Protein chains: 2
Amino acid sequence: MNDFNLGTLIKDHRKKAGLTQLELANLAGVGKTTVFDIEKNKETIRFNNLLAVLKVLNIKVEFISPLNK
Amino acid sequence: MNDFNLGTLIKDHRKKAGLTQLELANLAGVGKTTVFDIEKNKETIRFNNLLAVLKVLNIKVEFISPLNK
DNA sequence: GTATTTTTACCGCCTAAACAGTATAAAATG
DNA sequence: CATTTTATACTGTTTAGGCGGTAAAAATAC
């Protein structure tokens with residue numbers, strides 16, 4: 001369970017959008033190394049860089065907790 | 001719309017858990033400055049540090065996109 | 001098959017995140 | 001009220017993420 005892979009999710013969306021890593025990086029305003037690291041599931045990246053990449057790919061982030069309403 | 005505030009969400013959950021910033025930081029294995037920054041919505045924090053804090057508070061992250069299944 | 005594109009990987013440099021310590025302001029407690 | 005705890009803010013140091021450049025490996029196109 002919970003073998004969710006953020007890197008793969010982003011890579012799939014990037015492919016479907018017809019973008020290379022470099023193109024995605026430029027659109028998101030981050031370096032190509034960052035996109036590469038994200039797709040390799042490196043979690044020490046900065047949160048704002050991840051958000052920038054997700055925004056380009058139209059992926060939204062939601063935070064779920066038992067207390068949420 | 002979308003005035004969602006991650007810092008406030010985390011702060012509320014921390015309060016309900018009866019934790020101080022320092023206690024939460026220690027439990028998450030991060031510095032107290034990081035917890036403070038997260039609650040102040042500083043987005044340049046590292047993703048793994050945010051995940052560590054969310055885990056302690058039992059908050060899950062979901063990524064939503066039009067392509068998801 | 002070869003040529004081209006893309007991905008993966010590594011390299012130094014620079015910047016800023018992360019940290020502990022400290023100090024003050026604010027909040028909570030008695 | 002005073003006292004204690006917590007949150008906020010600042011500082012100096014250390015560490016590593018981010019970056020472009022480069023190069024080799026892999027995938028794709030011709």
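Keep in mind it's a predicted model, so treat the numbers as computed, not measured. Each chain gets a letter, A, B and so on, in the order the sequences are listed, and its residues count up from 1. All heavy atoms count here, side chains included; hydrogens, waters and symmetry mates do not.
- Remark: B:K11 is in phosphate contact with D:dT8, judged by side-chain N or O atoms under 4.0 Å from OP1 or OP2.
- Listed pair B:N49 / C:dA18 meets the phosphate criterion, a side-chain N or O lying under 4.0 Å from OP1 or OP2.
- B:L9 and B:F36 are not part of a single hydrophobic cluster, where members link through side-chain heavy atoms under 4.5 Å apart.
- Considering all non-hydrogen atoms of both residues, A:Q21 and A:R14 come closest at N-NH1, 3.4 Å.
- Using a 4.0 Å cut-off, some side-chain N or O of A:T34 falls inside it from OP1 or OP2 of D:dC19.
- Between A:N41 and A:G7, the shortest heavy-atom contact is OD1-N, 2.8 Å.
- Between the CG atom of B:L19 and the C1' atom of D:dA7 there is a distance of 15 Å, rounded to whole Å.
- With hydrogens and angles ignored, a donor-acceptor pair closer than 3.5 Å exists between the side chain of B:K32 and the base of C:dG21.
- Rounded to whole Å, atom P of D:dC19 lies 8 Å from atom CZ of A:R46.
- The nearest whole Å value for the distance from the CD atom in B:Q21 to the P atom in C:dC19 is 14 Å.
- Computed from coordinates, the A:F36 CZ to D:dA25 C1' distance equals 11 Å when rounded to whole Å.
- Residue contacts for A:T33: at a heavy-atom cut-off of 4.0 Å it reaches a base atom on one of the strands shown.
- Across the protein-nucleic acid pair, A:I45 atom CD1 and D:dC19 atom C1' stand 15 Å apart, rounded to whole Å.
- Protein atom NZ of A:K42 is 14 Å distant from nucleotide atom P of C:dT8, rounded to whole Å.
- In terms of heavy-atom proximity, A:L19 sits nearest to A:E23 at CA-OE1, 3.3 Å.
- In terms of phosphate contacts, A:K15 brings no side-chain nitrogen or oxygen within less than 4.0 Å of OP1 or OP2 of D:dA27.
- Across all strands shown, B:L22 has no heavy atoms under 4.0 Å from either base or sugar-phosphate atoms.
- Rounded to whole Å, atom C1' of C:dA17 lies 17 Å from atom CD of A:E43.
- The nearest whole Å value for the distance from the CD atom in A:E39 to the P atom in C:dT6 is 14 Å.
- For the OP1/OP2 pair of D:dA7 and a distance below 4.0 Å, the side-chain nitrogens and oxygens of B:R14 include at least one atom meeting the criterion.
- Between B:S65 and A:L57, every side-chain heavy-atom pair lies at or beyond the 4.5 Å cut-off.
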